[in-house]
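Here is the structure we will look at.
So that the names make sense, note that chain A is the first sequence line, chain B the second, and so on, each numbered from 1. Just so you know, these numbers come straight off a predicted model, no measurement behind them.
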Number of protein chains: 2
Amino acid sequence: MTKNDANRQLLRKSGYKATPSRLAILGVFKKAKKPLSAQEVINALPRSADQATVYRALKSLNEKGILRQIDLRHNHAHYELADLTEHHHLICLACGKIEIVHHCNMEETESRILRSSKHFAEIKQHALEFYGICKSCAARRKKL
Amino acid sequence: MTKNDANRQLLRKSGYKATPSRLAILGVFKKAKKPLSAQEVINALPRSADQATVYRALKSLNEKGILRQIDLRHNHAHYELADLTEHHHLICLACGKIEIVHHCNMEETESRILRSSKHFAEIKQHALEFYGICKSCAARRKKL
DNA sequence: ATTCTAAACGCGAATTATTTGCAAATAATT
DNA sequence: AATTATTTGCAAATAATTCGCGTTTAGAAT
């Protein structure tokens, strides 16, 4: 299966063993349409893996930049594949709805920041999320 | 005391009672040089308050926009006063060091996003944090 | 193919972070 | 001073994440 071979290589290239759980976790993210929490990954796995295994995998994959961590303000971390085209999230503070946002052009900002920073040598990632109210929540609130 | 009077008004204006714990919590943030976790607030309080009280206060103050929540990737929320001049954070993935970043000009981006969004009515806040490696961690790593 | 070994796993328990229910206390209003 | 809706403290619950450790296993070396 070619998809698994690609993931297998990806893991090996980062110095990890290509274990069934890690391959399965990557598979779950490949299918996902939105950032997933550890619990959602656990639930979505075809053959169950221990929660410690999943947490460890998420952490490692995030450290190597295969996944990226997203803060949706839900008191727990979410992750998504890092190789998606550059985008950010618009999150409804009332209902949690997520919309994808493109074209924020952060590379330029990052290099400018780095040039003027006293203490930092490198920027590896950034998180840019917008929190607001979605239209249906806004409508619902007007009625009250 | 004039400073407390200002905070007292701020709280009342948001519909809250100006209780000693909330005034003390605002006092702690006023002195702080960096975003604080709930635990750090608890430790910094002159007269101790219960953790439930502190968590409840942080949540309310964040909802009313007096505090804002920051994600430093430490598995717990941090907060800072919302009325600081617009800035963001540069966080070292290796040691946690924080540097303040100015001039990211997000208002323009926000209004553009809102104009092109299908589902969102309003943007209330954003989080923009940069994660990288600080110079001293970079140096330490080279030696290894 | 078999052996070897560091890395990864599963399990259970520990930690850490945050929330909740409820009775008592209290800030603001009258 | 009396009233009342908020807020507090306490203790316990829940949620999120991590850790220790004995066992298994992927990949390298024979």
Any [X] side-chain N or O less than 4.0 Å from OP1/OP2 of [N]:
X	N	answer
Ser21(A)	dA8(C)	no
Asn75(A)	dA17(C)	no
Thr19(B)	dT8(D)	yes
Arg12(B)	dA28(C)	yes
Tyr55(A)	dT17(D)	yes
Thr53(B)	dT7(D)	no

(request) Inspect the contact between Glu122(A) and Lys124(A) and indicate whether a charged nitrogen and a carboxylate oxygen are less than 4.0 angstrom apart. (result) yes

(message) Check this for me, if you would: do Glu40(B) and Lys34(B) make a salt bridge, where the nitrogen-to-carboxylate-oxygen distance has to be below 4.0 angstrom?
(response)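 A salt bridge links Glu40(B) with Lys34(B).
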
Determine the contact category for [X]: base if any of its heavy atoms lies under 4.0 Å from a base atom, sugar-phosphate if only primed atoms, P, OP1 or OP2 are that close, otherwise nothing.
X	value
Ala18(A)	sugar-phosphate
Arg56(B)	base
Ala57(A)	nothing
Ser37(A)	nothing
Gln51(A)	base

[X] [atom1] to [N] [atom2]: how many Å, rounded?
X	N	atom1	atom2	value
Gln39(A)	dA17(C)	CD	P	19 Å
Asp71(A)	dA17(C)	CG	P	15 Å
Lys59(A)	dC9(C)	NZ	P	15 Å
His74(B)	dT15(C)	NE2	C1'	17 Å
Leu45(B)	dT8(D)	CG	C1'	14 Å
Asp50(A)	dT18(D)	CG	P	14 Å
Leu11(B)	dA5(D)	CG	P	21 Å
Leu72(A)	dA16(D)	CG	C1'	15 Å

(message) Reading DNA chain C from 5' onward, which residue's closest nucleotide shows up sooner: His76(B) or Tyr16(B)?
(response) His76(B)

(message) Counting C-beta onward and ignoring hydrogens, is there a side-chain heavy-atom pair between Glu129(B) and Leu128(A) closer than 4.5 Å?
(response)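 The answer is no, as the side chains (C-beta and beyond) never meet within the 4.5 Å cut-off.
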
(request) Among dA8(C), dC19(D), dT17(D), find the nucleotide with the atom closest to the side chain of Arg22(A). (result) dA8(C)

(message) Side chain of Lys17(A) only, heavy atoms from C-beta on: which candidate in dA5(D), dG9(D), dT25(D) is closest?
(response) dT25(D)

(request) With a 3.5 angstrom cut-off on both distances, give the Watson-Crick or G-U wobble partner of dA28(C), or none if there isn't one. (result) dT3(D)

(request) Using distance alone, with no hydrogens and no angle criterion, decide if His89(B) and Glu80(B) have a side-chain donor and acceptor under 3.5 Å apart. (result)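 On atom types as modelled, these side chains qualify, holding a pair under 3.5 Å.
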
(request) Please answer whether the main-chain N or O of Lys17(A) pairs with a side-chain N or O of Arg22(A) as donor and acceptor at a distance below 3.5 Å. (result)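 Answer holds: yes.
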
(message) Looking at Ser14(B) and Tyr16(B), would you say the former's side chain and the latter's main chain have a donor-acceptor pair under 3.5 Å?
(response)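 Not a single qualifying donor-acceptor pair exists.
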
